[in-house]
Amino acid sequence: MAASTESRHGMWSSRWLFVLAAAGSAVGLGNIWKFPYITGENGGGAFVLIYLACVAFVGLPIMMAEVLLGREGRQSPINTMRTLAQRYNRNPLWVLIGWMGVLAGFLILSYYVVIAGWALYYVSEMANGAFYQASPETASATFSRFQADPLQMILWQTLFMAATVFIISKGVIKGLERAIRWFMPLLFLLLLLLLGYAFTTESFAEGAQFMFAFNWEDVTSRTVLIAMGQAFFTLSLGMGAIMAYGAYLPASASIGSTVFFIAGLDTLVAVAAGLAIFPIVFANGLEPSQGPGLMFVTLPLAFGQMPLGALFGTLFFVLVSFAAITSAISISEPALAYLVEEYNAKRGRVAISLGVIAWILGIGTVLSFNVWADVHIVGSLTFFDFVDYVSQNVMLPLGGMLISLFAAWGLPRTVIGEQLGIQSGWVNVIWKLLCGVIAPLGVLIVFISTILS
Ligand code: TRP
């Protein structure tokens with residue numbers, strides 16, 4: 001059977017729109033909220049360097065593998081894996097990659113929406129001028145007060161989930177493409193503005209030093225595991241989101257350069273966010289290791305000092321919310337596409353059911369910050385920590401490893417050559433080396449060393 005050239009869910013109107021959508025998926029809370037706070041918790045420079053290495057040697061090949069498999073299968077990840085395993089006489093169990101991805105997607109979506117709700121809340125706080133000339137104590141207290149109030153958090157979680165469901169029910173292609181075209185550049189501009197502000201504080205050098213000074217003593221196997229998890233998370237890898245998007249990619253687009261561009265953009269945004277946040281942390285005597293609240297305390301402080309800060313601050317959190325919604329959409333796409341294919345269901349209905357399930361799971365995350373703060377699932381992990389840890393540090397890397405193994409060894413070399421657009425023995429060798437050996441081996445080594453320690 002020949003590979004099909006169209007997907008039933010629709011197609012991106014050009015390679016650039018795939019780039020925008022994939023970049024929209026990649027750039028999100030992972031870059032602006034998560035990257036700085038886990039960098040802070042893991043000691044800074046050593047973490048950043050290992051993270052960059054994970055993006056380059058593990059993330060890039062796996063992203064190419066996802067796009068390639070998606071475009072070859074042209075369906076939801078579950079059905080793509082099922083079809084490809086059948087077509088090329090492989091073990092039918094490869095379909096489990098798709099199922100694990102759907103499960104990981106629910107877990108991630110459930111807490112992603114809660115945090116995105118925080119960003120929405122900050123839109124309203126900023127617009128009210130709550131942080132005008134605020135002291136570090138006021139900024140911290142505002143955040144703590146918000147976190148202590150589950151009803152408030154559920155309200156914003158619900159709003160964000162409703163917006164996500166609304167957009168995914170319409171189909172990704174119409175509304176989203178248009179929006180992303182505008183707000184991605186705008187988000188970049190505002191990050192530059194914050195970067196400029198951070199530069200004027202006397203702590204810029206200290207912040208940059210914190211992010212880039214490499215210190216071997218800071219490196220443990222746990223640091224490496226978390227850096228790798230972050231590389232997967234920020235590039236949206238390991239659960240089939242990019243595979244699902246790849247299914248809608250026109251056959252003519254080059255996979256290599258496209259993926260390179262997306263990963264580069266994503267990395268730039270994360271590094272810019274870190275460079276904007278850490279100088280403000282040090283200038284105000286805050287702790288880099290304060291955890292998930294980091295961005296919500298530091299950035300309002302910066303905006304509070306700036307001329308027109310309320311305006312820029314409001315705009316900034318609007319853009320963060322947008323960045324989060326284009327990511328939330330991609331997290332939902334594998335499950336959504338599968339249910340539509342399997343039951344011939346309407347996208348709208350499926351979107352609502354999916355949203356309700358993830359919303360209910362998300363309540364656990366909300367409560368982890370207040371009522372259940374002392375309830376520990378394993379060790380010292382709260383419900384949120386646990387869901388976050390298992391999905392990001394276990395399921396995504398495991399899924400990514402299997403995806404790259406299948407893309408390297410499960411497909412005939414003619415298909416690989418056709419997808420990559422170059423039929424040469426060398427391409428095949430390099431592909432097998434990168435996707436079939438280096439990337440999966442990298443993941444495996446990190447796993448094993450973590451288990452051993
Ligand atoms: N990459 C997004 C971010 O950085 C989050 C995200 C979107 C994601 N799709 C994903 C994470 C798929 C894991 C898997 O915010």
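Read the numbers this way: they start at 1 and go in the same order the structure lists the ligands and their atoms. Atoms considered below: every heavy atom in the structure, side chains included; atoms not considered: hydrogens, waters and symmetry mates.
The M239 neighbourhood of ligand 1 comprises atoms 12 (C), 14 (C), with distances under 4.0 Å to a heavy atom of that residue. Of all atoms in ligand 1, listed by their number and element, those nearer than 4.0 Å to a heavy atom of S330 are 7 (C), 9 (N). Of all the atoms in ligand 1, the ones that sit under 4.0 Å from a non-hydrogen atom of I108 are 13 (C). Ligand-side atoms of ligand 1 in range of L29: 15 (O), range being under 4.0 angstrom from any heavy atom. Applying the 4.0 Å criterion to heavy atoms of I331 picks out, from ligand 1, the atoms 6 (C), 7 (C), 8 (C), 9 (N), 10 (C).
Contacts classified as salt bridge (charged side-chain N to carboxylate O under 4.0 Å, His left out) and involving residues 385-407 (residues at least two apart or in different chains) are given here: K34-D388.
Remark: minimum distance from atom 6 (C) of ligand 1 to any protein heavy atom is reached at S236 OG, 3.6 Å. Protein heavy atom at the shortest distance from atom 2 (C) of ligand 1 is S25 O, 3.1 Å.
For the pair Y112 and ligand 1, a heavy-atom separation below 4.0 Å is found.
Remark: aromatic rings of W372 and F384 are distant, center separation not under 6.0 Å. For F212 and F278, the ring centers are positioned 6.0 Å apart or more. Note: F146 and F296 fail the aromatic proximity criterion, with ring centroids not under 6.0 Å apart. Between F312 and F303, the ring centre distance reaches or exceeds 6.0 Å.
For a threshold of 3.5 Å applied to N or O pairs, the pair formed by F233 and ligand 1 contains at least one separation below that value.
Take P61 and apply the side chain to side chain contact (heavy atoms under 4.5 Å, CB included) test, not counting sequence neighbours, and it matches L434, C435, A439.
Between the side chains of D218 and N42, no donor-acceptor pair is found at a separation under 3.5 Å.
The ring-ring contact (aromatic ring centres under 6.0 Å, His included) with Y122 is formed by just one residue from the set F316, F131, W156; it is F131.
Of the heavy atoms in L396, only side-chain atoms (C-beta onward) come closer than 4.0 Å to ligand 1. Under 4.0 Å from ligand 1, the heavy atoms of A26 that appear belong solely to its backbone.
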